[in-house]
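Worksheet for the structure shown next.
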Amino acid sequence: MHNERIEFPNSAPEPLLIVGSVAYDDIITPTETGARVLGGSASYASLAASYFTAPRLVGVVGKDFEEKDRERFRLHGIDTEGVATDFSGPTLYWRGKYQENYNRRDTLDIQLGVFEHFRPELPAAWLETPYVLLANIAPELQLHVLEQVKKPRFVVADSMDLWINIARPALEQVIARADMFVVNDSEAEELTGEKNLINAGARLRDFGAKTVVVKKGEHGAMLFHEDGLFALPAYPVTRLLDPTGAGDSFAGTLLAVLAALQRTDFGAIKTAMLYATAVASLTVEAFSCDRLEGAGAEEIAARVKRLRAMVQLDD
Ligand code: AMP
């Protein structure tokens, strides 16, 4: 369990608001299964972000949510004042299965539970949070958060294939209002109709997001920014166990590093991508948030160092 922060020279981390899902997941991988493990986009994102700043978590849990799981957030300095408990139903439940080589994941079951009637309402003291992560959740709810926050400095939005299929107009509004949209390669293709990733990234910027990051799983991530393109390989993981939450940890870390640096320029985003890549690589080495929670600042710093070496040229 970590309670340590990674600090950057001359910076004082600013608060970060994270809205997304808190869930219980059943996960089937080619080698093992995880039963009713803590999941949800906001869980992964906030635990990842907690290495860099104090996240403010907004979400909802049901009557079955266990106190020990709430404690996991608190232990990491995550403010859970914005996590409502709705006793009228269960916590979001998701069941996913990975194919033999992990390159495809199928949703076998999803039960929205208390998410069915959820409207995120921010505590008054959180309305002016400068950094806002709209983690994967119904885009209508992401928009509802955007209507409440006052002049945020930087908004990052994430999503998933489900919303492209059933809530595309609202998702396009979210993308148009975000400073940065993070998306995986297959979703980028689905959204734009472009098979070429470079064209897809450019098209997504035409949708209105100022900056786009396309995640390519084990092949790394690519940044599309007005100052240029940047590509980073994935951290070389050899003990892949459960990829669930990698994208959420990536997004949470990315914005948390910007909040810690108090900068959102091209250079800061590149640095944030290094950290996001390192932290996401930890998530996939265990089920749920276990490895993410158990790692420490030193382990993350070592992975960042190795990644830096991997992209370094001598001349
Ligand atoms: P990722 O692997 O980064 O795509 O994130 C997986 C997490 O997303 C799991 O822990 C699920 O609980 C959560 N999730 C799955 N479907 C949904 C959904 N429709 N809305 C919000 N969260 C979801």
Side-chain angles (χ1 to χ4, degrees), residues 18-29 34-49 57-62 64-65 69 72 90-99 102-118 120 133-142 145 156-167 170-171 174 182-188 190 213-218 221 234 240-254 276-277 279-293:
I18 297 176
V19 59
S21 59
V22 178
Y24 283 128
D25 295 342
D26 280 338
I27 294 163
I28 305 161
T29 76
R36 212 178 147 69
V37 296
L38 178 64
S41 58
S43 304
Y44 286 104
S46 60
L47 286 162
L57 184 53
V58 177
V60 65
V61 295
D64 55 339
F65 197 70
D69 288 326
R72 290 165 77 170
T91 302
L92 173 70
Y93 166 78
W94 176 75
R95 184 174 168 81
K97 181 177 180 182
Y98 290 88
Q99 302 290 334
Y102 288 92
N103 65 1
R104 218 187 101 184
R105 178 174 84 189
D106 297 312
T107 291
L108 302 183
D109 192 6
I110 177 153
Q111 289 167 26
L112 290 180
V114 290
F115 263 94
E116 198 148 355
H117 305 292
F118 177 57
L133 173 61
L134 306 172
N136 172 32
I137 190 178
E140 288 84 359
L141 302 186
Q142 295 177 314
V145 168
V156 173
D158 193 0
S159 195
M160 74 184 295
D161 51 358
L162 174 71
W163 311 121
I164 301 173
N165 297 327
I166 69 168
L171 176 57
V174 171
V182 289
V183 61
N184 68 34
D185 43 6
S186 60
E187 292 159 0
E190 215 176 320
V213 175
V214 179
K215 299 165 292 173
K216 302 183 291 168
E218 63 186 322
L240 174 67
L241 185 58
D242 170 20
T244 311
D248 309 311
S249 316
F250 183 95
T253 306
L254 191 62
T277 299
V279 173
S281 76
L282 290 165
T283 296
V284 305
E285 290 181 350
F287 277 106
S288 184
C289 309
D290 297 1
R291 182 89 171 87
L292 181 60
E293 283 172 284

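Counting starts at 1 for both ligands and their atoms, following the listed order. For the single chain, residues carry numbers from 1 onward in sequence order.
- For ligand 1 and G39, the ligand atoms under 4.0 Å from any heavy atom of the residue are 10 (O).
- Between G245 and ligand 1, an N or O atom pair is found at a separation short of 3.5 Å.
- Heavy-atom separations between W163 and ligand 1 include at least one value shorter than 4.0 Å.
- Of all protein heavy atoms, the one closest to atom 4 (O) of ligand 1 is R105 NH2, 3.0 Å.
- Nearest protein heavy-atom neighbour of atom 21 (C) of ligand 1: S21 OG, 3.4 Å.
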Requested in this report: Might you work through the side chain to side chain contact (heavy atoms under 4.5 Å, CB included) test for V22 and V60, ending with a clear yes or no?
Outcome: CA-CA 7 Å; V22 178; V60 65; over 6 Å; no

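- Residue-level proximity to ligand 1 for T107 is absent, since no heavy atom of it falls below 4.0 angstrom.
- In terms of protein heavy-atom proximity, atom 3 (O) of ligand 1 is nearest to D248 OD2, 2.8 Å.
- R95 and D26 are joined by a salt bridge, as a carboxylate oxygen and a charged side-chain nitrogen come within less than 4.0 angstrom of each other.
- The closest approach between a heavy atom of Y24 and any atom of ligand 1 is not below 4.0 Å.
- For atom 11 (C) of ligand 1, the closest heavy atom belonging to the protein is D25 OD1, 3.5 Å.
- Applying the 4.0 Å criterion to heavy atoms of Y44 picks out, from ligand 1, the atoms 10 (O).
- From the protein, the heavy atom lying nearest to atom 14 (N) of ligand 1 is N136 ND2, 4.2 Å.
- At a 3.5 angstrom cut-off on N or O pairs, G40 counts as close to ligand 1.
- Using a 4.5 Å heavy-atom threshold, the side chains of Y98 and R104 count as separate.
- By the 4.5 Å heavy-atom criterion applied to side chains, T244 and T283 are not counted as neighbours.
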Report task. Test D290 against R72 for salt bridge (charged side-chain N to carboxylate O under 4.0 Å, His left out), laying out the working first. Result -> CA-CA 10 Å; D290 297 1; R72 290 165 77 170; 3.2 Å; yes

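- Taking D64 as the reference, R36 meet the salt bridge (charged side-chain N to carboxylate O under 4.0 Å, His left out) condition, with sequence neighbours excluded.
- Distances from atom 19 (N) of ligand 1 to the heavy atoms of L141, I137, I110, L112 put I110 nearest.
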